[in-house]
Amino acid sequence: MKKLLFVGVLLALTVFPKAQGFFNPEKMVETGVYYYPEAWNPDQWDRDFKKMEDMGFEFTHMAEFAWAQMEPVEGQYDFKWLDKAVELAAKHHLKVIMCTSSATPPVWLIKKYPEVLVELPTGQTAEHGTRQHGSWSNPKFRELVTRLDAAQAKHYGNDKRIWGWQIDNEPSHYGTYDFSPAVQKNFKAWLQQKYKTIAALNEAWGTAFWSGVYTDFSQVEIPNAPRLISGVASPISIVDFKRFSADECAGFISMQYNTLRESITKDQFVTSNFMHIHTDVDPWRNKDLDFISYTMYPVAGYTAGVGDQGFRLGDPWRISWANDFFRPLKGVTGVMELQPGQVNWGSYNPLPYPGVIRAWLWNAFAGGLDFICSYRFRQPLYGGEQFHYGMVGTDGATELFGGQQYSEFMKEIRELRKLYKPKAPMPAEYAARKTAVLYNPDNIWETEVQKQTYQWDEVGLITRYYSNLKSLCVPVDIVGEDRDLSAYPVVVAPAYQMVDKALVEKWRKYAENGGHLVLTCRTGLKDRNGHFFEAPWGDAIASLIGAKIAMYDELSKETKATVTFNTKNYTWNVWGDILEPYFGVETWATYADQFYAGKASVVHHRVGKGTVTYIGTVTTDGKMEKEVLKKVYDESGITTNEQPEGVMVNWRDGFWVAINYSSSKVLVNIPAKSKIIFGTKELGVAGVVVWQ
Ligand code: GAL
């Protein structure tokens with residue numbers, strides 16, 4: 001396995017240098033902030049940029065929503081005002097991330113070409129005045145976006161003050177699916193390209209069911225959302241529509257990438273900022289971008305976190321997840337938007353816990369990020385995001401608590417840079433537990449259509465496995481199936497419902513060669529078309545996991561059934577696979593009640609030089625799953641370093657960073673010979689300790 005790990009590291013080094021070339025490794029991380037010059041009195045710009053510089057910012061970000069200002073009349077471009085803003089930013093030593101403004105088409109465009117508007121399944125169209133209302137599939141919209149991008153790229157493409165580009169903003173329609181005529185047309189073409197013949201589509205979609213048979217591609221429309229009329233359309237037709245929509249989004253971003261690249265220098269990067277977990281689109285489809293960045297708002301009334309103050313701290317795993325999801329693609333990522341304080345759009349908007357914004361910044365740093373950008377510099381006085389904090393408040397001058405924490409972090413980073421040593425090797429024990437979490441949005445889209453239990457939450461399940469790994473201080477890459485798994489001593493594939501022979505073979509070889517594979521319930525049940533295999537239940541993975549999946553059970557939220565692992569009981573009620581292990585396969589956990597008491601819930605199978613562990617139950621708090629993971633590492637001779645609940649520990653560039661997301665004081669286990677740079681072993685709530 002060591003040799004394999006070495007090959008993996010070499011591979012990573014040979015694949016990634018291009019993206020890394022945009023950043024100066026000695027700076028480790030650079031910090032910036034959003035500015036919307038078009039929204040503020042030009043007389044204040046100089047003062048505002050000066051303030052940014054004084055606070056320690058190194059770059060700013062502009063023009064993201066400024067289509068109406070850059071092209072006030074069709075075909076007439078005005079960059080003069082933006083030139084002035086760029087000049088003033090440069091005067092204050094701020095590099096600029098320039099943005100394309102495709103998320104906010106202006107009113108002249110909508111009035112002249114109303115066909116570009118996103119349309120709901122009911123026929124209602126979006127209206128001017130919001131954002132993300134232009135259809136990625138509409139040829140006119142694409143043409144107009146391309147024209148503006150080309151003009152902007154010609155204007156700024158050789159400008160040394162421009163560090164790089166952001167395409168669009170959070171590409172997605174924020175959960176709305178577009179049903180406009182252009183989408184219907186492109187969907188048909190996409191299906192034709194995929195299936196070639198209508199017979200193949202009929203077979204894949206299983207149209208023999210409910211008289212669904214088509215005789216021509218022209219008859220195929222976007223399927224109804226589940227239960228819009230009654231029942232569920234062919235699940236795979238819905239998955240295909242989601243795959244198609246994700247492709248359309250990626251195509252729209254690629255189109256802009258190519259347009260920019262025609263005119264800009266190779267020194268300017270081009271990225272886009274995707275939401276950190278948003279499954280209507282698929283960021284990984286944009287492999288052509290120089291790298292992909294993400295947006296992050298940990299506290300907005302949607303998370304309980306750890307302990308009674310968790311709602312002010314955010315989930316401990318969230319920023320790490322984004323780091324580990326976006327970084328492995330090109331070896332580089334950054335957070336393009338990080339929450340500055342209270343936001344306006346949560347179900348409720350609590351004050352973040354004192355100090356936690358600095359902790360988030362350190363968490364982003366610790367994940368290997370090259371840049372961090374705060375959304376936003378000034379608190380808006382008007383518009384749809386009133387109440388949203390900035391670095392400075394409504395007077396445009398007073399640093400708010402978020403701003404103060406940014407300043408503190410940026411001061412600390414400047415200190416840390418003095419200790420930077422190029423190519424500091426990852427500590428051997430830490431590297432030895434490097435783990436991949438396998439991810440494919442198809443599994444999310446598919447289980448969403450047929451949840452089978454109202455409690456099924458595929459994203460929640462994947463992130464919980466991830467979170468368990470992080471609490472054991474494991475470095476994780478979230479990767480797709482195309483990845484060479486041999487670089488990872490452990491691979492976890494949570495609820496991987498859709499498989500094919502090649503994938504199962506890849507898993508088998510991985511284990512035979514010494515890898516430790518962890519699979520869970522709802523894995524391998526369906527083929528890529530979402531059909532069950534015409535074989536005994538679970539047959540696709542039975543010989544791999546060394547057990548027959550005899551039955552599965554689901555219970556109500558109120559029922560608390562029990563499963564026993566290592567003499568400890570855990571409650572469960574979401575999903576339980578009832579397993580019958582083959583001869584010689586170890587049973588690690590069994591059901592303690594229900595009519596199948598005594599039957600296996602977790603099995604462990606030696607395969608070649610490695611192992612496959614199958615966890616058939618989803619427990620109420622995921623604690624059994626964590627203990628099972630720990631045992632997988634223990635039994636294979638890989639050390640872990642379990643942290644108190646809510647503590648995140650990561651390593652980068654020779655520095656360890658621990659953050660306390662829990663609601664009480666904790667003691668971090670720091671080896672005696674280490675040198676603490678910031679903080680103390682005893683960490684208060686939202687505390688950070690950095691050591692070498
Ligand atoms: C983000 C979005 C920004 C801004 C921000 C407010 O999701 O990309 O443009 O709206 O939320 O928190």
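Keep in mind the model is a prediction, meaning the values are calculated, not measured.
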Chemist: What I want to find out is whether Lys568 reaches Glu627 closely enough, with some N-O distance under 4.0 Å, to be called a salt bridge.
Modeler: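 Looking at Lys568 and Glu627, the cut-off is not met.
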
Chemist: Once salt bridge (Lys or Arg N to Asp or Glu O under 4.0 Å) is applied, what residue pairs with a partner in residues 514-526 remain, sequence neighbours excluded?
Modeler: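 Only Glu446-Lys526 qualify under salt bridge (Lys or Arg N to Asp or Glu O under 4.0 Å).
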
Chemist: Please tell me whether Trp456 and Glu458 have a donor and an acceptor in their side chains that are separated by less than 3.5 angstrom.
Modeler: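 A pair is found: one side chain offers a donor N or O, the other an acceptor, under 3.5 Å apart.
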
Chemist: What I want to check is whether the side chains of Ser674 and Gln692 have a donor and an acceptor closer together than 3.5 Å.
Modeler: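 Result is no, nothing qualifies.
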
Chemist: Assess whether side-chain hydrogen bond (donor to acceptor under 3.5 Å, both in side chains) is satisfied between Tyr430 and Asn641, documenting all intermediate values.
Modeler: CA-CA 9 Å; Tyr430 188 61; Asn641 182 7; over 6 Å; no

Chemist: Does the separation of the ring centres of Phe274 and Tyr294 fall below 6.0 angstrom?
Modeler: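 Aromatic pair excluded; centres sit 6.0 Å or further apart.
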
Chemist: Using only heavy-atom distances, determine whether the side chains of Thr333 and Ser293 contain a donor-acceptor pair under 3.5 Å.
Modeler: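 No, Ser293 and Thr333 have no side-chain donor paired with an acceptor closer than 3.5 Å.
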
Chemist: Verify side-chain hydrogen bond (donor to acceptor under 3.5 Å, both in side chains) between Thr523 and Tyr614, making sure each step is shown before the conclusion.
Modeler: CA-CA 9 Å; Thr523 292; Tyr614 186 85; 5.6 Å; no

Chemist: Just by distance, no angles: are the side chains of Asn569 and Thr562 close enough, under 3.5 Å, to form a donor-acceptor pair?
Modeler: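 Side-chain D/A pair, Asn569 to Thr562: absent.
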
Chemist: Identify, with sequence neighbours excluded, every residue that meets salt bridge (Lys or Arg N to Asp or Glu O under 4.0 Å) alongside Asp247.
Modeler: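 Asp247 satisfies salt bridge (Lys or Arg N to Asp or Glu O under 4.0 Å) with Arg285 only.
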
Chemist: Any carboxylate oxygen within less than 4.0 angstrom of a Lys/Arg side-chain nitrogen, looking at Asp240 and Lys194?
Modeler: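 Between Lys194 and Asp240 there is a salt bridge, with a charged N closer than 4.0 Å to a carboxylate O.
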
Chemist: How would you list, by chain and number, every residue that makes a side-chain contact (heavy atoms from CB on, under 4.5 Å) with Tyr177, sequence neighbours excluded?
Modeler: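 By the side-chain contact (heavy atoms from CB on, under 4.5 Å) rule, Tyr177 matches Phe179, Phe241, Lys242, Ser245, Asp280.
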
Chemist: Measure up the Phe365 and Trp362 rings against each other and bin them: parallel (under 30°), tilted (30 to 60°), perpendicular (over 60°).
Modeler: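 Plane angle over 60°, so perpendicular.
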
Chemist: Please check if the number of heavy atoms outside Lys287 that lie under 6.0 Å from its NZ is greater than 12.
Modeler: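 Correct, the count exceeds 12.
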
Chemist: Measure the CG-NE2 distance between Leu517 and His605 for me, rounded to the nearest 0.5 Å.
Modeler: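 Here the rounded value is 12.0 Å.
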
Chemist: State, with a plain yes or no, whether a side-chain heavy atom of Leu667 is found less than 4.5 Å away from one of Lys681.
Modeler: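 SC-SC contact between Leu667 and Lys681 confirmed.
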
Chemist: Please report the closest heavy-atom contact between Ala658 and Val649, naming both atoms and the distance.
Modeler: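 Taking every non-hydrogen atom into account, CB-CG2, 3.9 Å.
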
Chemist: Would you compute the distance between atom CD1 of Ile659 and atom CG of Leu683 and round it to the nearest 0.5 angstrom?
Modeler: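 Separation between the atoms: 9.0 Å.
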
Chemist: Within a radius of less than 6.0 Å around CD of Glu429, do more than 12 heavy atoms belonging to other residues, nucleotides or ligands occur?
Modeler: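 For Glu429, atom CD is not crowded (no more than 12 foreign heavy atoms under 6.0 Å).
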
Chemist: Verify whether the ring centers belonging to Tyr496 and Trp507 lie closer than 6.0 Å.
Modeler: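 So the answer is yes for these two rings.
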
Chemist: Going by atom types alone, do Asp553 and Tyr591 pair a side-chain donor with an acceptor below 3.5 Å?
Modeler: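 There is no such pair (donor and acceptor under 3.5 Å, judged by atom type) between the side chains of Asp553 and Tyr591.
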
Chemist: Strictly by modelled atom types, are Tyr570 and Asp621 linked by a side-chain donor-acceptor pair under 3.5 Å?
Modeler: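 Side-chain D/A pair, Tyr570 to Asp621: absent.
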
Chemist: For Lys423, is there an ion pair with Asp653 - N to carboxylate O distance below 4.0 angstrom?
Modeler: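 No, Asp653 and Lys423 are not salt-bridged.
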
Chemist: Could you tell me whether Lys631 sits above the aromatic face of Trp588, with NZ or CZ closer than 6.0 angstrom to the six-membered ring centre and within 45 degrees of the axis?
Modeler: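 Cation-pi check for Lys631 and Trp588: passes.
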
Chemist: With a 4.5 Å cut-off on side-chain heavy atoms, are Thr587 and Pro581 touching?
Modeler: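 Heavy-atom side-chain distance check passes, below 4.5 Å.
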
Chemist: Between Lys470 and Asn650, is any side-chain donor less than 3.5 angstrom from a side-chain acceptor?
Modeler: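 Yes, because at least one side-chain N or O of Lys470 sits under 3.5 Å from a partner of the opposite role on Asn650.
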
Chemist: Between atom CH2 of Trp575 and atom NZ of Lys451, what is the distance when rounded to the nearest 0.5 Å?
Modeler: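 Trp575 CH2 to Lys451 NZ: 12.0 Å, rounded to 0.5 Å.
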
Chemist: What's the shortest heavy-atom distance between Gln594 and Ala561, and which atoms?
Modeler: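 Gln594 and Ala561 have their closest heavy atoms at NE2-CB, 3.7 Å.
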
Chemist: Looking just at side-chain N and O atoms, do Tyr661 and Gln309 make a donor-acceptor pair shorter than 3.5 Å?
Modeler: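 No pair is found: no donor N or O on one side chain lies under 3.5 Å from an acceptor on the other.
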
Chemist: What are the two closest heavy atoms between Arg652 and Gly368, and how far apart are they?
Modeler: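 Answer, listing the atom of Arg652 first, then Gly368: NH1-C, 3.4 Å.
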
Chemist: Under a 4.0 Å threshold between the charged nitrogen and the carboxylate oxygen, would Glu512 count as salt-bridged to Lys506?
Modeler: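 Judged by the 4.0 Å cut-off on N to carboxylate O distance, Lys506 and Glu512 do not form a salt bridge.
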
Chemist: Go through Trp284 and Phe326 one step at a time and tell me if the ring pair (Phe, Tyr, Trp, His ring centres under 6.0 Å) criterion holds.
Modeler: CA-CA 8 Å; Trp284 287 359; Phe326 289 93; 8.4 Å; no

Chemist: side-chain contact (heavy atoms from CB on, under 4.5 Å) with Val685: which residues, sequence neighbours excluded?
Modeler: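 Per chain and number, Val685 pairs via side-chain contact (heavy atoms from CB on, under 4.5 Å) with Leu313, Tyr353.
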
Chemist: Can you tell me how far the OH atom of Tyr596 sits from the OG1 atom of Thr590, to the nearest 0.5 Å?
Modeler: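 If we round to the nearest 0.5 Å, Tyr596:OH and Thr590:OG1 are 12.5 Å apart.
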
Chemist: Looking at Ile444 and Tyr439, what are the two nearest heavy atoms and their distance?
Modeler: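 Nearest heavy atoms, Ile444 then Tyr439: CD1-OH, 3.5 Å.
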
Chemist: Which heavy atom in Thr619 sits nearest to a heavy atom in Trp572, and how many Å separate them?
Modeler: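 Closest approach of Thr619 to Trp572: CA-CB, 3.9 Å.
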
Chemist: Roughly how far apart are Phe244 CZ and Gln193 CD, rounded to 0.5 Å?
Modeler: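 Spacing of CZ (Phe244) from CD (Gln193) equals 12.5 Å.
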
Chemist: Given salt bridge (charged side-chain N to carboxylate O under 4.0 Å, His left out), test Arg327 with Asp477 step by step and report yes or no.
Modeler: CA-CA 8 Å; Arg327 188 198 53 242; Asp477 282 347; 3.0 Å; yes

Chemist: Could you measure the distance from the CG atom of Leu525 to the CD atom of Gln452? Nearest 0.5 Å is fine.
Modeler: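 One finds 10.0 Å between CG of Leu525 and CD of Gln452.
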
Chemist: May I have the step-by-step check of salt bridge (charged side-chain N to carboxylate O under 4.0 Å, His left out) for Arg528 and Glu481, ending in yes or no?
Modeler: CA-CA 13 Å; Arg528 303 286 187 180; Glu481 289 166 27; 2.8 Å; yes

Chemist: Measuring only between side-chain heavy atoms, which start at C-beta, is Asn363 closer than 4.5 Å to Ser320?
Modeler: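 Yes, close enough: below the 4.5 Å cut-off.
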
Chemist: Could you pull out all residues at least two apart from Thr620 that satisfy side-chain contact (heavy atoms from CB on, under 4.5 Å)?
Modeler: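 Counting only residues at least two positions away or on another chain, Thr620 forms a side-chain contact (heavy atoms from CB on, under 4.5 Å) with Thr571.
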
Chemist: Counting the benzene-type ring for Trp, do Tyr466 and Trp317 have ring centres under 6.0 Å apart?
Modeler: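 Between Tyr466 and Trp317, the centre distance exceeds or equals 6.0 Å.
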
Chemist: Using a strict threshold of under 4.0 Å (side-chain N to carboxylate O), is an ion pair present between Lys626 and Glu642?
Modeler: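 A salt bridge is present here (some side-chain N lies under 4.0 Å from a carboxylate O).
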
Chemist: Work out which heavy atom in Ala493 is nearest to a heavy atom in Leu519; give both atom names and the distance.
Modeler: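 In terms of heavy atoms, the two residues are closest at CB-CD2, 3.8 Å.
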
Chemist: May I have all residue pairs that pass side chain to side chain donor-acceptor pair (under 3.5 Å) and include part of residues 530-545, sequence neighbours excluded?
Modeler: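 Passing the test, one end in residues 530-545: Arg508-Ser543.
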
Chemist: Given side chains that start at C-beta, do those of Val459 and Arg464 come closer than 4.5 Å, heavy atoms only?
Modeler: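 Not in contact.
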
